[in-house]
Amino acid sequence: MYKPFVKHLENELFNRFNLQNRAIPAGLELKVSDRGRNPATIQSWCYQCRQLRKIRYTYIDAGESAQIFNSVIYPNHHYDLPLLGVDFLSFGKIKNLVVLDFQPLFQDDAYQRKYIEPLKFLHAKYPDLAQNLEMKFYDANQYFSKYLLFAKTDAETVATRLLAAFNDYLNLYWQMLDEAEPLQDPEDIARIVKAQKDYDQYSAERDPASGLFSSYFGHEWAERFLYGFLFEDAVPLAATAKK
Ligand code: BLA
């Protein structure tokens with residue numbers, strides 16, 4: 001269901017950047033579950049280039065029961081740009097949840113004006129994908145923008161509207177990256193390193209997918225996947241407690 005989106009992202013990335021593979025820890029790049037009635041496969045890809053230090057995307061294919069495309073793009077630490085976040089999910093073809101955002105690292109007004117206001121017109125262009133839903137797992141005011149696309153929708157809308165929206169958001173993101181001036185002050189860079197790390201910690205702790213990973217692939221694999229790949233700069237809670 002979301003495979004055309006993966007293809008689109010890949011084409012964009014390979015056409016625009018000089019990508020290098022970025023290692024995925026052994027055993028995490030591909031896993032097949034034989035647990036449920038429907039076999040589930042989870043596969044991930046990870047790259048880096050001069051402007052982007054981590055580009056990861058993951059596809060879960062559990063046939064009709066689940067199709068999920070998830071991605072985060074982390075700019076190089078010289079850029080304070082938001083992260084590009086993608087989470088497109090379908091369960092049983094009926095429950096479709098799509099989230100697409102420029103995930104802000106900071107919440108001050110200057111940052112909002114610079115990186116979030118430019119999203120306003122795109123957000124307005126896709127009212128069927130911008131439903132102002134309430135968040136249950138995450139705090140909407142922390143690493144989300146007010147112009148995120150967030151919708152519970154039908155397969156028809158996914159098939160006909162989402163690719164255009166995805167393309168528009170991606171293009172704006174590439175444009176911002178192009179125009180961004182790399183920061184040089186070590187203090188600025190340290191602030192970005194910390195903000196990206198905090199994002200990983202927050203996301204690993206809240207991720208509503210952890211139960212889903214456990215149910216398909218087992219708890220141990222799920223924890224490794226979360227802390228060893230998806231949000232590798234996060235520290236598992238148990239480990240912080242021991243310090
Ligand atoms: C919700 N994301 C979800 C849910 C799941 C995932 C299972 C809950 C769906 C439900 O309501 O039943 C799935 N999350 C994943 C998967 C991965 C993951 C498969 O990290 C990793 C492979 N989530 C993101 C990113 C964004 C994001 C990058 O990982 C940003 C665009 C958003 N996901 C997001 C939001 C919700 C969600 C906003 C709704 C959660 C809420 O209501 O608080």
Side-chain angles (χ1 to χ4, degrees), residues 1-3 5-6 9 24-25 28-31 33 36 40-46 52 54-62 65-75 81-105 116 119 122-123 126 129-153 158 162 165-166 169-170 172-173 196 198-217 221-234:
M1 187 161 179
Y2 296 113
K3 290 193 178 154
F5 294 84
V6 178
L9 177 64
I24 299 177
L28 298 182
E29 67 275 60
L30 176 67
K31 180 89 178 161
S33 149
T41 302
I42 183 166
Q43 187 168 6
S44 299
W45 297 264
C46 199
L52 304 167
K54 182 178 182 183
I55 301 163
R56 65 153 172 88
Y57 50 94
T58 295
Y59 202 92
I60 299 176
D61 184 348
S65 71
Q67 295 280 314
I68 303 176
F69 170 41
N70 178 278
S71 177
V72 179
I73 294 181
Y74 296 76
L81 243 72
L83 313 186
L84 184 81
V86 182
D87 205 9
F88 296 164
L89 311 100
S90 287
F91 298 100
K93 284 199 172 158
I94 298 170
K95 180 178 170 186
N96 308 295
L97 182 78
V98 298
V99 195
L100 174 58
D101 200 12
F102 287 18
Q103 301 199 259
L105 292 176
I116 304 304
L119 273 177
L122 286 185
H123 183 260
Y126 298 100
L129 297 173
Q131 298 175 343
N132 271 319
L133 304 172
E134 235 179 274
M135 290 191 190
K136 295 180 293 242
F137 297 89
Y138 300 106
D139 172 358
N141 297 314
Q142 201 154 359
Y143 296 106
F144 291 96
S145 81
K146 63 177 165 179
Y147 300 125
L148 84 166
L149 296 184
F150 183 16
K152 284 194 175 126
T153 188
V158 169
L162 191 58
F166 187 48
Y169 271 66
L170 278 182
L172 182 60
Y173 194 75
Q196 289 196 5
D198 289 348
Y199 169 90
D200 268 17
Q201 189 69 39
Y202 177 86
S203 303
E205 285 167 17
R206 306 277 175 122
D207 200 327
S210 113
L212 181 140
F213 297 145
S214 295
S215 70
Y216 283 136
F217 309 108
W221 189 90
E223 288 289 296
R224 266 215 328 125
F225 188 62
L226 269 176
Y227 289 95
F229 173 60
L230 291 181
F231 305 110
E232 66 193 61
D233 293 329

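Both backbone and side-chain heavy atoms feed into the values below; hydrogens, waters and symmetry mates do not. Predicted, not measured: the structure shown is a model, and the values here were computed from it. In each ligand, atom 1 is the first atom listed, and ligand 1 is the first ligand listed.
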**OP:** Begin from the C-alpha positions of Q142 and Y199 and carry the test side chain to side chain donor-acceptor pair (under 3.5 Å) through to its verdict.
**Re:** CA-CA 9 Å; Q142 201 154 359; Y199 169 90; over 6 Å; no

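Ligand 1 places these atoms under 4.0 Å from at least one heavy atom of F150: 39 (C). When each atom of ligand 1 is checked for a heavy atom of V72 under 4.0 Å away, the hits are 28 (C).
The backbone of V86, and not its side chain, has at least one atom closer than 4.0 Å to an atom of ligand 1 (non-hydrogen atoms only; backbone = N, CA, C, O). Heavy atoms of S71 found under 4.0 angstrom from ligand 1 belong exclusively to the backbone. Contacts between L148 and ligand 1 below 4.0 angstrom, taking non-hydrogen atoms only, are absent altogether.
One N or O on the side chain of S71 and one on the backbone of R56 form a donor-acceptor pair closer than 3.5 Å. For D207 (side chain) and A209 (main-chain N/O), a donor-acceptor pair under 3.5 Å exists by modelled atom type. The backbone N or O of T58 lies less than 3.5 Å from no partner atom in the side chain of N70, so there is not a single donor-acceptor pair. In this structure, Y59 contributes its side chain and Y2 its backbone to a donor-acceptor pair below 3.5 Å.
Between N70 and ligand 1, at least one N/O pair is under 3.5 Å apart. Taking distance alone, with nitrogen or oxygen atoms compared against 3.5 Å, F231 stays at or beyond that limit from ligand 1. Where the criterion is an N or O separation shorter than 3.5 Å, residue side chain and backbone included, K136 meets it with respect to ligand 1. Residue contacts with ligand 1: T58 is placed with no nitrogen or oxygen under 3.5 Å of a nitrogen or oxygen of the ligand (distance criterion only). Considering both main-chain and side-chain atoms, Y138 comes within under 3.5 Å of ligand 1 through a nitrogen or oxygen pair. At a 3.5 angstrom cut-off on N or O pairs, D101 does not count as close to ligand 1.
Remark: minimum distance from atom 43 (O) of ligand 1 to any protein heavy atom is reached at F137 N, 2.5 Å. Nearest to atom 9 (C) of ligand 1 among the protein's heavy atoms is L97 CD2, 3.9 Å. Given atom 19 (C) of ligand 1, the protein heavy atom at minimum distance is I68 CG2, 3.5 Å. Protein heavy atom in closest approach to atom 3 (C) of ligand 1: P208 CG, 3.4 Å. When hydrogens are left out, the protein atom nearest atom 11 (O) of ligand 1 is K95 NZ, 3.5 Å; that is the closest non-hydrogen contact. For atom 32 (C) of ligand 1, the closest heavy atom belonging to the protein is V99 CG1, 3.7 Å. Nearest to atom 16 (C) of ligand 1 among the protein's heavy atoms is A209 CB, 3.4 Å.
Contact record, I73 with Y173: O-OH, 3.8 Å, taken as the closest heavy-atom pair.
The option from D207, D87, L89 that lies nearest to atom 5 (C) of ligand 1, judged by heavy atoms, is L89. Comparing Q103, R56, M135 against atom 38 (C) of ligand 1, the shortest heavy-atom distance belongs to M135.
Taking the six-membered ring for Trp, F225 and F217 have ring centres at least 6.0 Å apart.
Expressed to the nearest 0.5 Å, how far CD1 of I24 lies from CG of L230 amounts to 9.5 Å. For the atom pair D200 CG and Y143 OH, the distance stands at 9.5 Å (nearest 0.5 Å).
Taking the side chain as every heavy atom from C-beta outward, F231 and L226 approach each other to under 4.5 Å.
Annotation: cation-pi geometry satisfied between K54 and F229 (NZ/CZ under 6.0 angstrom from ring centroid, within 45° of ring axis).
F102 pairs with exactly one of Y169, Y147, F144 by the side-chain contact (heavy atoms from CB on, under 4.5 Å) rule, that one being Y169. Paired with I68 under the rule side-chain contact (heavy atoms from CB on, under 4.5 Å), one option of I42, L97, L89, D61 passes, and it is L89.
In this structure, F213 has a heavy atom closer than 4.0 Å to ligand 1.
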